[in-house]
Amino acid sequence: MSTHSNHPFHLVDYSPWPLTGALGAMITVSGLIKWFHQFNINLFMIGMLITMLTMIQWWRDVTREGTFQGLHTFTVTMGLRWGMILFITSEVFFFISFFWGFFHSSLAPTIELGAMWPPLGITPFNPLQIPLLNTLILLTSGITVTWAHHSLMENNYNQALQGLFFTVTLGIYFSILQAFEYLESPFTIADTVYGSSFFMATGFHGIHVIIGTTFLFVCLLRHYLNHFSSIHHFGFEAAAWYWHFVDVVWLFLYISIYWWGS
């Protein structure tokens, strides 16, 4: 049987990972419900383990198809690009909903909030402390990921490796500082609509930072293993696009919730 194809598309092989991924997601959500109601985290941890193992093995397969088997042709890569663009667009609208809710409550505070913003009894964070430092960290990480991208396009292996390393380090540093800020918070997610808006918006952004850091760490490992070339590195480009999106969302969060909202 010939393996030659007369088209530029990638017809994927049969894979168990969509099934195991769906099972992992279902078990994780079921585990969350059990955790919230029965204070038992075991099922949630099993679901997370299944999901993580699925991600690792699925990414391994995609890496093998695109890097070693040469199945990611120009046409396939263009499809991946449009897929990433549409995914980031959907993420933009996801965060728009949080900003909409925040401004709906803050621009015209109801009588239940004391007709004031922040509501009575809420002590907001000082925007010139940890939030400003985190802003500088993310802006710096945007510079380092761009440095890595340009180094990769110029076939400068060492500088691309250094740029990616610094970006991942800054992403981890950001997450540590945000965790510290949450631990020191004088209010909770249950404290009026301010607490709900603050923790939903910044919390989901924090999850996106962790995902983006993981994305870039995988790219760091792949670059170390010489998976990328100056003309074939869309996996890294997708990670860089996602990281710039995370940067821009944080700027809006900092200006609207931390600075103006306080």
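Keep in mind it's a predicted model, so treat the numbers as computed, not measured. Positions are given from 1 along the sequence.
Under the 4.5 Å side-chain criterion, counting only non-hydrogen atoms from C-beta, Phe199 is in contact with Ser185. Looking at heavy atoms from C-beta onward, Val145 lies in side-chain contact with His244 at the 4.5 angstrom threshold. Under the 4.5 Å side-chain criterion, counting only non-hydrogen atoms from C-beta, Trp59 is not in contact with Val62. Side-chain contact check for Tyr242 versus Ile211: some heavy-atom pair is nearer than 4.5 Å. Two residues are said to be in side-chain contact when any heavy atoms from C-beta on lie closer than 4.5 Å; Phe39 and Lys34 fail this criterion. Side-chain contact between Trp260 and Pro127: absent, with no pair of heavy atoms (C-beta onward) separated by less than 4.5 Å. For the pair His150 and Gln159, the minimum side-chain heavy-atom distance is 4.5 Å or more. Annotation: side chain of Trp259 is not in contact with side chain of Pro131 (no heavy-atom distance under 4.5 Å).
For Met153, the CE atom sits in a packed shell: over 12 heavy atoms of surrounding residues, nucleotides or ligands are nearer than 6.0 Å. Heavy atoms from other residues, nucleotides or ligands lying under 6.0 Å from CZ of Phe165 number 12 at most. More than 12 heavy atoms of other shown residues, nucleotides or ligands fall within 6.0 angstrom of atom CG in Leu139. At most 12 heavy atoms of other shown residues, nucleotides or ligands fall within 6.0 angstrom of atom CZ in Phe180. Counting heavy-atom neighbours within 6.0 Å of Phe234 CZ, excluding the residue itself, gives a total above 12. Counting heavy-atom neighbours within 6.0 Å of Leu225 CG, excluding the residue itself, gives a total above 12. For Phe252, the CZ atom counts as loosely surrounded, since its 6.0 Å shell holds 12 or fewer non-hydrogen atoms of other residues, nucleotides or ligands.
Closest non-hydrogen pair, Ala160 versus His223, comes out as CB-NE2, 3.5 Å. The two atoms that bring Tyr157 and Tyr224 nearest to each other are OH-O, 3.0 Å, heavy atoms only. Of all the heavy atoms in Gly47 and Thr28, the pair that sits closest is C-OG1, 3.0 Å. Pro118 and Pro124 get closest at one heavy-atom pair: CG-CG, 3.9 Å. Gly203 and Tyr182 get closest at one heavy-atom pair: N-OH, 3.0 Å. Closest non-hydrogen pair, Pro119 versus Thr192, comes out as CG-OG1, 3.6 Å.
Residue Asn156 holds its CG atom at 10.5 Å from CG of Leu161, rounded to the nearest 0.5 Å. With rounding to the nearest 0.5 angstrom, the CE atom of Met84 is 11.5 Å from the CZ atom of Arg81. With rounding to the nearest 0.5 angstrom, the CZ atom of Phe166 is 13.0 Å from the CD1 atom of Ile143. Going from atom CG of Leu43 over to atom CD1 of Ile33 covers 9.5 Å, rounded to the nearest 0.5 Å. Considering CD1 of Ile210 and CZ of Phe174, their distance stands at 9.5 Å, rounded to 0.5 Å. Distance CZ/Phe125 to OG1/Thr202: 8.0 Å, rounded to 0.5 Å.
A donor and an acceptor atom, one from each side chain of Thr135 and Trp250, are located under 3.5 Å apart. Side-chain atoms of Ser141 and Tyr173 include no donor-acceptor pair closer than 3.5 Å. Side chains of Gln57 and Trp17: no donor on one and acceptor on the other come within 3.5 Å. There is a side-chain donor-acceptor pair under 3.5 Å between Thr54 and Thr20.
Cluster note: Met45 groups with Leu32, Trp35, Phe36, Ile41, Phe44, Met48 through ILVMFWY side-chain heavy atoms spaced under 4.5 Å, whether in direct contact or through intervening members.
At least one donor-acceptor pair under 3.5 Å links the side chain of His208 to the backbone N or O of Phe204. In this structure, Ser105 contributes its side chain and Gly101 its backbone to a donor-acceptor pair below 3.5 Å. The backbone N or O of Val246 lies less than 3.5 Å from a partner atom in the side chain of His205, making a donor-acceptor pair. Remark: side-chain polar atoms of Ser196 are paired, donor with acceptor, to backbone N or O of Ile189 under 3.5 angstrom. In this structure, the side chain of Thr67 does not engage the main chain of Arg64 through any donor-acceptor pair within 3.5 Å.
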Leu164/Phe236 under side-chain contact (heavy atoms from CB on, under 4.5 Å): CA gap, chis, key distance, verdict: CA-CA 10 Å; Leu164 269 170; Phe236 171 78; 3.4 Å; yes

Test side-chain contact (heavy atoms from CB on, under 4.5 Å) applied to Leu138 and Leu170, step by step: CA-CA 7 Å; Leu138 273 192; Leu170 289 167; over 6 Å; no

side-chain contact (heavy atoms from CB on, under 4.5 Å), that's the test. Do His149 and His233 meet it? Break it down for me. CA-CA 9 Å; His149 190 195; His233 55 263; 3.5 Å; yes

Are Asp191 and Phe198 close enough, and set up right, to give a side-chain contact (heavy atoms from CB on, under 4.5 Å), and what steps lead you there? CA-CA 10 Å; Asp191 285 327; Phe198 177 87; over 6 Å; no

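Side-chain heavy atoms closer than 4.5 Å link hydrophobic residues (I, L, V, M, F, W, Y) into clusters, and following such links, even through other members, never connects Leu23 to Trp58. A continuous path of ILVMFWY side-chain contacts below 4.5 Å connects Ile88 to Trp82, so both sit in one hydrophobic cluster. When the side chains of ILVMFWY residues are joined at heavy-atom separations under 4.5 Å, either directly or via intervening members, Met116 and Ile122 end up in two distinct hydrophobic clusters. A continuous path of ILVMFWY side-chain contacts below 4.5 Å connects Phe98 to Ile96, so both sit in one hydrophobic cluster. Tracing side-chain contacts under 4.5 Å through hydrophobic residues (I, L, V, M, F, W, Y), one never reaches Leu251 starting from Tyr258; they form parts of separate clusters.
Under the 30°/60° scheme for interplanar angles, the aromatic rings of Phe187 and Tyr194 are found to stand perpendicular. Using the six-membered ring where Trp is involved, Phe103 and Phe99 have ring planes that are parallel, under 30° apart on the 30 and 60° scheme.
Residues satisfying the side-chain contact (heavy atoms from CB on, under 4.5 Å) criterion with Ser197, sequence neighbours excluded, are Phe102, Val193.
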